[in-house]
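A short worksheet on the structure shown next.
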Amino acid sequence: MKQRSFKVGKRVYSNPAVVDLVELHGEVSQDPEEIIRHLARNEIADARNYGLSGPPFDPRILASIMGIQPKESKQLIHSKDAELQPIGKDNRNLIIKYNPDKPKTRQNFSIAHEIAHTLFPEYRDQYKAHHKIGKFNPDSEVEFLCDLGAGEIIMPAPEFNRDIEKMGISLKSLERLSKRYNASLEATANRMITTNLDYCALMVLGYSYKPSELRQIENAKNQPKMKLRVQYSIPSKYFFTYIPKHKSIEESSPLYEVSVTRNPFQGNIIFNFTNPALDTYAEAIALPGTHNADFDSRVLVFLF
Ligand SMILES: [Zn+2]
């Protein structure tokens, strides 16, 4: 029987859409991340001949050049942000409907994410899949790859790489580049790390319980306290310390203060949850949160 899952580095892929993608583009790479970046770059390169320019790069223009009609809509069915809708005879044409009430940066990323879906073979069968854009959740393979592709579309090489070479990775360059490319701070930080041009890692923290505490909460009277925990981390190619997910930040850490005061932090921090403990220079900034008031804040950290 044909093998329908494979491993690249630490990541295992088993989603049929991803397996098909690698089978179809095996000559490019065996790594679906490389393939999606490559395909997104090809679309951008083609579109430049038809007038796409930037920064900022407008994914609506890219979509139009690709024959996909971008359309504002307040009646989205599968997503709060954007979705693909096949139309016309045999569903041959596509519309990207997007929510005009979202911030511009989020609209841009959502549209680019939908464009990335069309880079997959057989995407027309999958367009109803539940989308969670901007969460960068590696558990959902296709969504993770579409977020990667979206980053490449909004912040394409060579412009973005040139900017990183000039400015380096820091909070200051993050803020400048996010404005320059009309991208959110989080999407920009993700893209900065994947350029692999610096020795650093990105870590995003949010308030949550440990997975084991969630089971406990259902029948306990004394609820455990929500802590600032690692939601995800992305190392650049040369950052070798493994940062485990869900680990909590010590309450004495200046990162708690960032989440409360929303003032940025620059300085040395010791993390005891890595092995060996990580004593490193870090820069951190508060991100807008996703849910309720008290624990709404998320923190983005660059580790050097
Ligand atoms: Zn999606």
Side-chain angles (χ1 to χ4, degrees), residues 8 11-22 24-25 31-44 57-60 62-64 66-87 91 93-156 181-184 186-191 194 204 231-232 234 290-291:
V8 183
R11 191 164 277 135
V12 178
Y13 291 96
S14 56
N15 187 307
V18 180
V19 177
D20 288 347
L21 177 84
V22 174
L24 190 67
H25 299 285
D31 180 349
E33 293 186 26
E34 281 305 314
I35 294 172
I36 279 295
R37 282 203 195 96
H38 171 85
L39 296 175
R41 270 179 212 148
N42 279 355
E43 293 296 344
I44 296 272
F57 291 87
D58 188 343
R60 293 163 197 78
L62 175 65
S64 301
M66 290 171 72
I68 305 167
Q69 187 194 341
K71 196 177 172 187
E72 289 185 1
S73 170
K74 297 195 180 190
Q75 284 150 344
L76 303 180
I77 301 162
H78 308 291
S79 160
K80 288 187 176 116
D81 291 287
E83 62 194 29
L84 279 171
Q85 189 189 336
I87 49 159
N91 285 344
N93 297 315
L94 283 175
I95 295 181
I96 291 177
K97 289 182 175 176
Y98 63 94
N99 186 345
D101 294 338
K102 297 283 176 180
K104 256 283 178 324
T105 54
R106 190 162 175 104
Q107 288 178 32
N108 285 347
F109 194 82
S110 305
I111 295 166
H113 174 102
E114 296 306 317
I115 293 174
H117 270 288
T118 70
L119 303 175
F120 280 83
E122 307 301 324
Y123 64 88
R124 277 164 213 271
D125 301 335
Q126 297 150 14
Y127 71 94
K128 283 180 188 155
H130 187 66
H131 298 308
K132 275 191 176 167
I133 78 114
K135 298 232 190 247
F136 303 100
N137 178 3
D139 300 337
S140 169
E141 300 164 24
V142 173
E143 298 311 312
F144 164 74
L145 291 168
C146 289
D147 280 345
L148 258 190
E152 195 73 41
I153 286 167
I154 306 273
M155 295 165 270
Y181 286 84
N182 254 335
S184 71
E186 190 173 0
T188 308
N190 273 265
R191 177 72 180 91
T194 57
V204 171
Q231 286 188 337
Y232 67 89
I234 308 173
T290 43
H291 40 96

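Here the structure is a predicted model, which means the values were calculated and not measured. We count ligands from 1, going down the list as the structure has it; atoms in each ligand are counted the same way.
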(request) Look at the side chain of Asn108 and the backbone N and O of Asn182, then say whether any donor-acceptor pair between them is shorter than 3.5 Å. (result) yes

(request) Could you check if a side-chain atom of Tyr13 sits within less than 4.5 angstrom of a side-chain atom of Leu21, using non-hydrogen atoms only? (result) no

(request) Just jot down the side-chain hydrogen bond (donor to acceptor under 3.5 Å, both in side chains) partners of Asp58, sequence neighbours excluded, or say none. (result) Arg60

(request) Specify whether an N/O/S atom of Cys146 falls short of 2.8 Å from the Zn ion (ligand 1). (result) no

(message) So, using side-chain hydrogen bond (donor to acceptor under 3.5 Å, both in side chains) as the criterion, who are the partners of Asp31 when residues are at least two apart?
(response) none

(request) Would you mind naming the N, O or S atom of His117 nearest to the Zn ion (ligand 1)? (result) NE2

(message) Which atom name does Glu143 have for its N/O/S atom nearest to the Zn ion (ligand 1)?
(response) OE1

